[in-house]
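Presented below is the structure to which this report refers.
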Amino acid sequence: MPENQSATPLPDQFEAQFESAFEQRFYNERLEKLEKIAALGAANGLKPLEATYPNSFRFVPEGIDVPQIRSLYANATAEELEAQKAEIAVAGRIVAIRLQGKAGFATLLQNGERLQLYVRKDDVGEPTFELYKLLDLGDHIGVSGSLMRTRTGELTLKVGPATPEKPTLTFLSKAMLPLPDKFSGLGDIELRYRRRYLDLFTDTGETAEASSEPATNPVILSEAQSAQPKNPEASGPATTAETISTTSPEPATITRRPAREVFVKRAAILRALRHFFDSRGYLEVETPMLHTVAGGAAARPFGTHHNALDIPLNLRIAPELYLKRLVVGGFDRVYEINRNFRNEGVSTQHNPEFTMLEFYQAYANYHDLMDLTEELIKFVATEVNDTTITFFTHPNKRFSQQILESLAPVRIDLSKWQRLSMRQAIIQFWHGEFCQAPEMEDFGSAQNLFDFLVRAEKEAREARHPDAPDLFHEVSEASLTESKRQWFQSVIAHGLHAWEDDKQYGKIIATLFEDIAEEHLIQPTIIYDFPLAVSPLSKVKPDEPEWVERFEFYIGGFEIGNAFSELNDAADQLRRFESQLEDRKNGDDEAMAEIDHDYVRALGYGLPPTGGEGIGIDRLTMLLTGSRSIRDVILFPLMRPQTKATAQEEHTHGESAE
RNA sequence: GAGCGGGUAGCUCAGUCGGUAGAGCAUCGCCCUUUUAAGGCGCUGGUCCUGGGUUCGAACCCCAGCCCGCUCACCA
């Protein structure tokens, strides 16, 4: 761009990005304003680029920001402000602007908070006021002046007075494209994800429907006060979520919270996690994202290729096997917080790239990790929310969307945990209406479980009528999926020999658990002792060879974390890997696909007894922010690229280049 | 991959029985020196997702497709 030209002609490519004639015209009008701003700057000796796209602005006092100003002067009276006349210079984005003849108000948004400006022609002088009149919604400006209160008591920065050496109003950057609705923000969920940059500075967190009673959600209320104090003087000292939640009625519905706040909170969660582990002597490490063998979990990997070495590589599906290599290497306590990639479906609970915390501790077992987990979640919640109470909508699969919308969020106390073995959980949540729940004995062997299932199905049919669909329809109230139901049916129909190997037996127990118990686990629950068949990396229980020392914890109806005493017998590990491979060949696509022989070798050098755990950070963030979709806690969730339907047009739309 | 819902101005949304396409905000012009979802007056802005079909006539009815959301499946 030539240096003395502020308003250069548009590059063709940019022009192609306009979505409409309206945007094109809008852009051209803003260009004309930029030219006028350049002309005003020239009068002050500024080159066009210095006037239109200056490269810095100094806040006064140095380091201050709008949130600080708001809290520092929250209780200052008009008289006190008048007496102080402290000079303040801040910059920000204009999110509201009102011109009133020879004066005007504007609202600046900076660091997530707003500050009103008052500009009078008499205070700033003619040229500066001319500049003010050229400002638009979305522009960035810097201002200097002193604080005052308006007639209605709002803390306001009065711009000016003009001094020869110091500008009172500095133009910083122009919004060349029209902004979303200044009041309701972006309502289009798709646009919120695709153009998160807009979502972040326009989202009020209150949808049109939800705004009727935003204060009914205690969590939202407290957040709104701390993040955007609309009436700081009225609320006095910040009220914590805890005091509100104990005195307010439960929220009627989940109100979407502002995107910015969610991601500020996400950062706080990561900070708290790191603090927790750092202060306990864990070393934060970074292991490879590019794996020759994508191990440590059962999932389809993303494939890629390294050109120089000419080898295929996979994005990692889990860091597990590398972290345990580090424990072999003598790092007794390690943790990693990083992305995993799984080439599988997207949903409100799944994004192809997601953030996982994994940590390993030598000389610990799964019992130690249960205690640690409770402590960790309690700690993080308190750090982030100042309370262990959170509200979350129960994601019951059987509820239709309409019911879900009207469903009251459930109050969850992250300081109160229960522990159930997987077998106990199945027994406890069994729907006993048509057939009796199993007893511990029934899980004792493949034969026992088979006998129980046959018996239970017979009972269920008789309790209803002979044509009743089948046992599992009743047992799980249709939450059992069709494919699984068929699987059960075929097992029962074909007899024990169809699944006499212990794998099938273990897998059926795990499936029963998922279908019967999982959705009930709203309050923090540790589910321990898993079948060996579904746990190829866990250590077997000494007294029960079909069961392993493993637990998962569930909050809000879904799994947040998974932990176990690590299998450290190299020969056993190799056998289990080979068995997984065998399962894979036999059509079980949940089994691991490839053996990491170097990992087996590493175990061969001796892994101490070790406990390890993985926690889904996105889901934890959902829980602590009351977000119902994982896309609300990931800044840029994966979306199908937008393509312009007009394929016959000679140039593609700007969006399609993403 | 399947089912349900949605797609109308830059944004948020109405749209009657199938009969010329609407509002608020934003934009543009004018007025207004304590407003605050400022206000007043006037204007501008549309591939009604796309492509077919029915019809004298389609935003609306039918068919196909695209995208998004939710649910299911897979998974954490």
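As the structure is a prediction and not an experimental result, all values here were calculated from the model. Below, chains carry the letters A, B, ... as their sequence lines are ordered, and counting in each starts from 1.
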Please state whether the base of [N] and the side chain of [X] form at least one donor-acceptor pair under 3.5 Å?
X: A/D188; N: B/rG7; result: no
X: A/Q116; N: B/rU35; result: yes
X: A/R98; N: B/rU35; result: yes

Say you pick atom [atom1] in [N] and the same atom in [M]; how far apart are they, in whole Å?
N: B/rU33; M: B/rG69; atom1: C1'; answer: 48 Å
N: B/rC17; M: B/rC61; atom1: P; answer: 12 Å
N: B/rA2; M: B/rG19; atom1: P; answer: 35 Å
N: B/rG29; M: B/rU44; atom1: C1'; answer: 10 Å
N: B/rC48; M: B/rG7; atom1: C1'; answer: 10 Å
N: B/rU8; M: B/rU16; atom1: P; answer: 16 Å
N: B/rA64; M: B/rA21; atom1: P; answer: 28 Å
N: B/rA23; M: B/rC32; atom1: P; answer: 27 Å

Roughly how many Å is it from [atom1] in [X] to [atom2] in [N], rounded to a whole number?
X: A/R640; N: B/rG65; atom1: CZ; atom2: C1'; value: 13 Å
X: A/F105; N: B/rA37; atom1: CZ; atom2: C1'; value: 15 Å
X: A/I97; N: B/rA37; atom1: CD1; atom2: C1'; value: 16 Å
X: A/E19; N: B/rU47; atom1: CD; atom2: C1'; value: 14 Å
X: A/R114; N: B/rA37; atom1: CZ; atom2: P; value: 11 Å
X: A/L186; N: B/rG7; atom1: CG; atom2: P; value: 17 Å
X: A/Y118; N: B/rA38; atom1: OH; atom2: P; value: 16 Å

Point to revise | Side-chain donor-acceptor pair present, A/T287, A/R316, cut-off under 3.5 Å | key: yes
Practice item. Dump the intermediate steps for salt bridge (charged side-chain N to carboxylate O under 4.0 Å, His left out) on A/E19 and A/R195, then the final yes or no. Key: CA-CA 14 Å; A/E19 293 201 327; A/R195 299 185 183 162; 2.8 Å; yes
Check your understanding: With a non-hydrogen cut-off below 4.0 angstrom, is A/S20 in contact with a base, only sugar-phosphate, or nothing?
Key -> sugar-phosphate
Review point. Which part of the nucleic acid, if any, lies within contact of A/N351, taking any heavy atom under 4.0 Å across all strands shown: a base, the sugar-phosphate backbone alone, or nothing?
Key: base
Counting side-chain heavy atoms from C-beta on, which of [options] comes nearest to [X]?
X: A/D136; options: B/rC70, B/rU27, B/rC11; value: B/rU27
X: A/Q100; options: B/rU33, B/rC11, B/rC28; value: B/rU33
X: A/L99; options: B/rC11, B/rU34, B/rC32; value: B/rC32

Review point. How long is the gap from CD on A/E613 to OH on A/Y360, to the nearest 0.5 Å?
Key: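 Going from CD on A/E613 over to OH on A/Y360, the span is 9.5 Å.
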Practice item. Establish, yes or no, whether the cationic atom of A/R196 lies under 6.0 Å from the six-membered ring centre of A/F636 and within 45° of the ring axis. Key: no
Check your understanding: Does A/R550 make a cation-pi contact with A/Y366, if we ask for NZ or CZ under 6.0 Å from the ring centre and within 45° of the axis?
Key ->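 Because its charged atom misses either the 6.0 Å distance or the 45° angle limit, A/R550 does not stack over A/Y366.
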Point to revise | A/M639 or A/F26, whichever maps to the more 5' nucleotide of RNA chain B | key: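 Taking each residue's closest nucleotide, the earlier one in sequence belongs to A/F26.
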Point to revise | Watson-Crick or G-U wobble partner of B/rA76, both distances under 3.5 Å | key: none
Check your understanding: Under 6.0 Å between ring centres, would you say that holds for A/F551 and A/F564?
Key -> no
